[in-house]
S.K.: 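My structure is below; once you've seen it, I'll send some questions.
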Amino acid sequence: MTITSKLPDIGTSIFSVMSGMATQHKALNLSQGFPDFAISQELIDRVTDQMQRGRNQYPPSIGVGPLREAISEMTSHLYGIEANPSTEITIFSGATEAIYCAITALIHEGDEVIIFDPAYDSYDPVVRLQRGVPVHINLVQPHFGIPWDRLEESITPRTKAIMINNPHNPTGSIIERADLERLERVAEQHDLMVISDEVYHNMVFDGKKHTSVLEFEGLRRRSIGAFSFGKTFHATGWKVGYSIAPPAFTEELRRVHQFVTFTVNTPIQFALGEFIREPSHYESLPGFFQQKRDFFLECIAGSRFRAIPSGGTYFQVLSYEGLSDLSDQEMAEMMTKEMGLASIPVSVFYDDGSDHKLLRFCFAKDEETMSKAGEILRKV
């Protein structure tokens with residue numbers, strides 16, 4: 001039997017490749033974005049309690065009511081907007097599924113979707129699976145800002161949506177309020193949807209506050225925001241996320257979601273619903289992760305790597321321009337195999353393979369791990 005692949009150019013994820021290489025060569029793994037420290041014992045206890053109380057069977061497909069209600073309260077606390085838990089909030093198996101369902105539900109054959117590069121690797125393939133057309137635009141260095149003139153030039157009658165990621169993976173850049181105001185004008189002028197990946201919304205540093213598309217009336221009417229509890233509470237393996245979107249969008253997301261994962265594990269939903277009712281559990285995160293970013297920067301002080309400012313996420317991009325003529329993929333592989341430190345080459349996040357001599361490191365690690373990574377980087 002002959003099988004024609006729908007994604008013939010897609011191989012194993014770079015995250016799996018580099019993590020596998022790190023394991024093989026016993027290297028420190030600062031490549032894949034997962035913490036290596038414990039999550040809250042209180043949260044674990046709440047999950048255990050929910051299991052012991054018998055909440056182990058199928059929950060509603062859209063998510064349990066107490067969690068959706070708690071998300072609504074948290075969103076009001078963070079952004080001052082009211083999201084209806086019945087018609088605007090849906091629980092997904094991670095933000096990746098939320099984004100998949102959004103694209104699948106709303107993008108039709110021939111629709112163009114603007115994606116800013118470097119971009120998280122799931123966006124483009126899902127657009128193509130729906131026979132949509134990804135339109136890639138490179139962000140402007142050194143701060144990875146939106147090139148507004150280029151964006152305007154790229155909009156055609158077939159443009160259906162713009163995808164944004166704020167804070168941005170892999171670069172750690174932040175979309176400022178003025179940019180979102182401009183995006184609001186562009187989206188309204190051209191009648192575009194916005195799919196906003198905001199999984200690192202609780203990780204914004206240096207006294208700044210995360211600004212969501214939900215805060216702008218013109219954007220909120222036409223946007224889907226995707227969020228992640230796995231990122232927020234250091235439990236990436238739990239794969240629990242959610243979306244906030246207008247009722248008409250939400251209805252379509254739920255149509256798809258019921259045939260992808262149908263629902264998300266019950267006891268963790270109830271536990272999260274209890275946990276996030278205490279704002280201190282998420283309000284403390286910006287300071288927590290800023291301390292880790294700053295410690296990592298202290299660890300690499302004296303090295304020949306140049307840090308690209310990271311205003312959010314738990315990633316730090318380092319430039320090795322002037323240190324080596326190796327491509328970033330070659331550099332990442334060499335450092336993993338020969339120096340015992342794994343990272344992610346940033347070129348893999350570009351559709352055109354742009355190589356700017358940049359490597360991405362995850363600093364959601366304990367201090368011992370980061371200290372050892374700093375020792376290695378100072379030797380390069």
Side-chain angles (χ1 to χ4, degrees), residues 10 12-19 21-22 28-35 94-96 99 114-126 134 136-147 163-175 195-205 210 226 228 230-231 236 289-290 292-293 296-297 300 305-321 327-333 335-336 341-365 370 373 377:
I10 300 295
T12 304
S13 162
I14 187 64
F15 309 110
S16 297
V17 169
M18 295 309 299
S19 285
M21 193 179 299
L28 295 175
N29 188 359
L30 270 65
S31 59
Q32 196 165 359
F34 59 83
T96 299
I99 292 167
I114 292 175
I115 299 172
F116 295 111
D117 286 353
Y120 185 62
D121 64 352
S122 77
Y123 305 159
D124 177 290
V126 180
H136 290 266
I137 300 175
N138 288 358
L139 295 171
V140 180
Q141 293 199 53
H143 301 297
F144 295 95
I146 295 173
M163 296 203 63
I164 62 171
N165 181 198
N166 182 35
H168 185 259
N169 176 16
T171 69
S173 64
I174 303 294
I175 300 179
I195 302 172
S196 186
D197 180 348
E198 302 185 18
V199 299
Y200 299 101
H201 72 116
N202 282 305
M203 302 167 203
V204 176
F205 312 138
H210 175 254
S228 166
K231 296 291 192 300
T236 58
F289 279 104
Q290 180 173 334
K292 289 193 170 292
R293 180 204 63 178
F296 182 66
L297 292 176
I300 68 166
F305 288 85
R306 177 173 57 87
I308 306 300
S310 174
T313 74
Y314 45 51
F315 300 115
Q316 177 63 61
V317 171
L318 300 181
S319 170
Y320 66 92
E321 188 174 14
S327 71
D328 63 357
Q329 293 202 45
E330 292 170 334
M331 188 71 168
E333 291 181 9
M335 290 181 62
T336 304
L341 178 61
S343 60
I344 296 289
V346 173
S347 65
V348 301
F349 297 94
Y350 282 92
D351 182 62
D352 62 6
S354 293
D355 184 353
H356 300 287
K357 308 294 187 189
L358 301 174
L359 301 175
R360 191 200 76 173
F361 295 84
C362 175
F363 56 76
K365 308 294 178 182
M370 289 192 281
L377 289 166

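Atoms considered below: every heavy atom in the structure, side chains included; atoms not considered: hydrogens, waters and symmetry mates.
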S.K.: Look up atom CG in L341 and atom CG in L377, then write down how far apart they are to the nearest 0.5 Å.
M.R.: 5.0 Å
S.K.: For H356, enumerate each residue passing the ring pair (Phe, Tyr, Trp, His ring centres under 6.0 Å) test, keeping only those at least two apart in sequence or located in another chain.
M.R.: Y350
S.K.: Which heavy-atom pair separates V346 from P170 by the least distance, and what is that distance?
M.R.: CG1-CG, 4.2 Å
S.K.: How long is the span from the NE2 atom in H201 to the CE atom in M203, to the nearest 0.5 Å?
M.R.: 8.0 Å
S.K.: Between CG of N169 and CZ of F349, what distance do you get to the nearest 0.5 Å?
M.R.: 5.5 Å
S.K.: Would you say the ring centers of F289 and Y200 fall short of 6.0 Å from each other?
M.R.: no
S.K.: Kindly indicate whether the side chain of Y123, heavy atoms from C-beta on, has any atom under 4.5 Å from the side chain of I99.
M.R.: yes
S.K.: Just jot down the side chain to side chain contact (heavy atoms under 4.5 Å, CB included) partners of I174, sequence neighbours excluded, or say none.
M.R.: N166, P167, V204
S.K.: Please enumerate all residues that pass salt bridge (Lys or Arg N to Asp or Glu O under 4.0 Å) together with D124, with sequence neighbours excluded.
M.R.: R128
S.K.: Any chance you could lay out the side chain to side chain contact (heavy atoms under 4.5 Å, CB included) test for N165 and F116, step after step, and finish with the verdict?
M.R.: CA-CA 9 Å; N165 181 198; F116 295 111; over 6 Å; no
S.K.: Is it the case that the side chain of H168 and the backbone of I175 share a donor-acceptor pair, with hydrogens and angles ignored and the cut-off at 3.5 Å?
M.R.: no
S.K.: Take a 6.0 Å sphere around CD of Q141 and say whether it holds more than 12 heavy atoms from other residues, nucleotides or ligands.
M.R.: yes
S.K.: Closest approach of L297 and A307, non-hydrogen atoms and distance?
M.R.: CD2-CB, 3.7 Å
S.K.: Should the pair F361 and F296 be assigned to parallel (<30°), tilted (30 to 60°) or perpendicular (>60°) ring geometry?
M.R.: tilted
S.K.: Does N29 use its side chain to pair, donor to acceptor, with the backbone of A22 at less than 3.5 Å?
M.R.: no
S.K.: Parallel under 30°, tilted from 30 to 60°, perpendicular over 60°: which one fits the rings of F363 and F205?
M.R.: tilted
S.K.: In Å and rounded to the nearest 0.5 Å, what is the CD1 to CZ distance from I308 to F144?
M.R.: 6.0 Å
S.K.: Could I get the full list of side-chain hydrogen bond (donor to acceptor under 3.5 Å, both in side chains) partners for S354, not counting sequence neighbours?
M.R.: D352
S.K.: Taking the side chain as every heavy atom from C-beta outward, state whether V348 and D121 have any atom pair closer than 4.5 Å.
M.R.: no
S.K.: Going by side chain to side chain contact (heavy atoms under 4.5 Å, CB included), name the residues that satisfy it together with A332, two or more places apart in sequence or in a different chain.
M.R.: M18, S343, P345, L359
S.K.: I need the minimum non-hydrogen distance between S122 and P125, along with the two atoms involved.
M.R.: O-CD, 3.4 Å
S.K.: Mind checking the CG-CG spacing from D351 to N138? Nearest 0.5 Å is all I need.
M.R.: 8.5 Å
S.K.: Could you please spell out the steps behind the side chain to side chain contact (heavy atoms under 4.5 Å, CB included) verdict for T313 and R360?
M.R.: CA-CA 12 Å; T313 74; R360 191 200 76 173; over 6 Å; no
S.K.: Which value, rounded to the nearest 0.5 Å, describes the distance between K357 atom NZ and S347 atom OG?
M.R.: 9.5 Å
S.K.: List for me each residue that meets salt bridge (Lys or Arg N to Asp or Glu O under 4.0 Å) alongside R293, sequence neighbours excluded, and say none if there are none.
M.R.: D206
S.K.: Okay, side chain of D117, backbone of H136: is any donor-acceptor separation there less than 3.5 Å?
M.R.: no
S.K.: Would you mind reporting whether T171 and L139 have side-chain heavy atoms less than 4.5 Å apart?
M.R.: no
S.K.: Given the ring of F34, does K365 sit roughly above its face, with NZ or CZ under 6.0 Å from the centre of the six-membered ring and within 45° of the axis?
M.R.: yes
S.K.: Is I300 close to L318 at the side-chain level, that is, under 4.5 Å between some pair of heavy atoms?
M.R.: yes
S.K.: Going by atom types alone, do E198 and S196 pair a side-chain donor with an acceptor below 3.5 Å?
M.R.: yes
